[in-house]
Number of protein chains: 2
Amino acid sequence: MKLNEAKQQFIQSWGILATQWGINRTMAQVHALLLIAGEPLSTDNIMEELSISRGNANMNVRELMNWQLVDKVIIQGDRKEYFAAEKDIWKVATCIMYQRKKRELDPMIKVLNQLSDVEGDKRNAEIKAFTETIESIKKFAAQAEKTMDVMIKAEENWFWSSFIKLLK
Amino acid sequence: MKLNEAKQQFIQSWGILATQWGINRTMAQVHALLLIAGEPLSTDNIMEELSISRGNANMNVRELMNWQLVDKVIIQGDRKEYFAAEKDIWKVATCIMYQRKKRELDPMIKVLNQLSDVEGDKRNAEIKAFTETIESIKKFAAQAEKTMDVMIKAEENWFWSSFIKLLK
DNA sequence: CTGAACTTTCAAAATATATTGAAACTTATT
DNA sequence: AATAAGTTTCAATATATTTTGAAAGTTCAG
């Protein structure tokens with residue numbers, strides 16, 4: 001397979017995967033492009049490679065910087081801004097985990113906490129069904145958050161090797 | 001907080017969380033409704049509670065059955081179909097994990113495998129950058145898949161208690 | 001077999017999300 | 001200070017996704 005063909009294939013597939021997980025397709029494609037680039041790319045490079053407008057390229061590259069997945073790179077003697085992605089995949093994964101936890105899971109947990117006590121007789125079947133479900137989601141979420149916090153702080157080798165021991 | 005208010009709040013929040021993760025809002029709301037229901041609900045119940053059309057209710061309830069998160073319940077002497085959600089949250093979580101892995105992650109991994117060898121000089125910087133990124137994503141994905149497979153098969157208590165040991 | 005009860009389908013309409021591109025803004029150079 | 005180079009914004013437009021609802025399909029009791 002030719003390099004350019006492989007690059008395009010990767011960019012497309014990464015974009016599709018992203019949309020399936022609620023991430024803007026173009027943002028993911030810009031990310032993919034930067035992940036496989038040998039050197040930092042300018043906004044014009046990105047526009048060209050993905051056939052997208054300047055506005056779109058600009059907005060997504062900035063969003064990726066918000067997510068801390070991409071950094072601005074200054075090249076001496078060039079007024080253009082260049083961009084480079086974090087390439088350590090463990091760091092990429094834990095970064096995404098951190099961001100999504102913060103943006104999406106934490107607010108849900110906050111809501112769950114507010115739902116813990118409903119008015120009325122706790123022996124009432126409807127109230128019991130509701131409360132039990134909420135409580136078990138809360139318990140699960142607490143464990144999941146703990147797990148994610150460990151991963152976010154962990155060093156990759158330590159994490160996987162510990163995890164493998166778990167299986168023995 | 002009143003029960004009905006709390007129910008609505010939960011359904012809304014669950015729906016929002018779902019859209020953020022690429023899941024149809026209504027499907028998630030139907031799921032939420034069934035998770036907190038004290039007894040199986042009919043299509044008419046669902047339409048009423050969520051103010052949605054029959055077509056929408058029907059399609060989402062069937063999609064939830066595809067995902068194996070909801071079962072059809074037959075009530076003797078009633079021609080209507082009723083629906084009930086799996087309430088064990090560990091089972092819900094591992095079921096979702098299994099489904100999303102199968103539908104979304106496995107296809108991506110298949111693509112990654114096809115991208116492993118590109119034509120050309122392996123010392124070329126562009127080719128090297130591409131290959132290295134793909135390889136490290138593949139390695140990460142392989143570990144992640146292994147982890148998910150363990151979780152999918154695992155019993156909840158065993159998993160969390162083993163995981164806690166890992167931290168010591 | 002017939003008709004009532006219920007479920008499913010799917011084209012059209014509604015809604016939500018993403019993209020464009022030109023104007024406004026910012027920054028660096030002469 | 002004027003200009004050129006580059007970046008950002010955002011209203012208008014385009015695209016993608018979801019929802020509706022009525023017609024077609026199915027099932028079952030009498």
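Reminder, nothing fancy here: chain letters follow the sequence lines and each chain counts from 1. Every value quoted in this text rests on a predicted model; they were computed, and no experiment measured them.
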request  = Just call it for B:Thr19: base, sugar-phosphate, or nothing, with non-hydrogen atoms closer than 4.0 Å on any strand.
outcome  = nothing

query = With a 4.0 Å cut-off on heavy atoms, is A:Asn58 in touch with a base, just the backbone sugar-phosphate, or nothing at all?
reply = base

Has [X] got more than 12 heavy atoms of other residues, nucleotides or ligands less than 6.0 Å from its [atom1]?
X: A:Gln12; atom1: CD; value: yes
X: B:Glu48; atom1: CD; value: no
X: A:Lys122; atom1: NZ; value: yes

Length of the [atom1]-[atom2] vector between [X] and [N], whole Å:
X: A:Arg25; N: D:dA14; atom1: CZ; atom2: C1'; result: 14 Å
X: B:Asn56; N: C:dT7; atom1: CG; atom2: P; result: 15 Å
X: A:Ile74; N: D:dG6; atom1: CD1; atom2: P; result: 13 Å
X: B:Asp44; N: C:dT7; atom1: CG; atom2: P; result: 7 Å
X: A:Asp78; N: D:dA4; atom1: CG; atom2: C1'; result: 14 Å
X: A:Asn24; N: D:dT15; atom1: CG; atom2: C1'; result: 12 Å
X: A:Met59; N: C:dT19; atom1: CE; atom2: C1'; result: 10 Å
X: B:Ile75; N: C:dA5; atom1: CD1; atom2: C1'; result: 16 Å

query = Distance only, no hydrogens: is a donor on one side chain within 3.5 Å (strictly under) of an acceptor on the other, for A:Asn113 and A:Ser116?
reply = no

ask   = Side-chain donor-acceptor pair under 3.5 Å between B:Glu156 and B:Thr94, yes or no?
value = no

Taking only N and O in the side chain of [X], is any of them less than 4.0 Å away from OP1 or OP2 of [N]?
X: B:Thr26; N: D:dT19; answer: yes
X: B:Arg62; N: C:dT8; answer: yes
X: A:Asn60; N: C:dA18; answer: no

task = State which of D:dT20, C:dT20, C:dT7 makes the closest approach to the side chain of A:Ser53.
result = C:dT20

ask   = Any idea which of D:dT20, D:dT7, C:dT19 is nearest the B:Ile52 side chain?
value = D:dT20

ask   = Can a donor-acceptor pair under 3.5 Å be found between the side-chain atoms of A:Arg54 and the base atoms of D:dT7?
value = no

query = Side-chain donor or acceptor of A:Arg79 under 3.5 Å from a matching atom on the base of C:dT29?
reply = no

message = Taking the nucleotide of DNA chain C with the nearest heavy atom to each, does B:Lys80 or A:Gly22 sit closer to the 5' end?
response = B:Lys80

message = Heavy-atom nearest nucleotide on DNA chain D for B:Ile23 versus A:Tyr82: which residue maps closer to 5'?
response = A:Tyr82

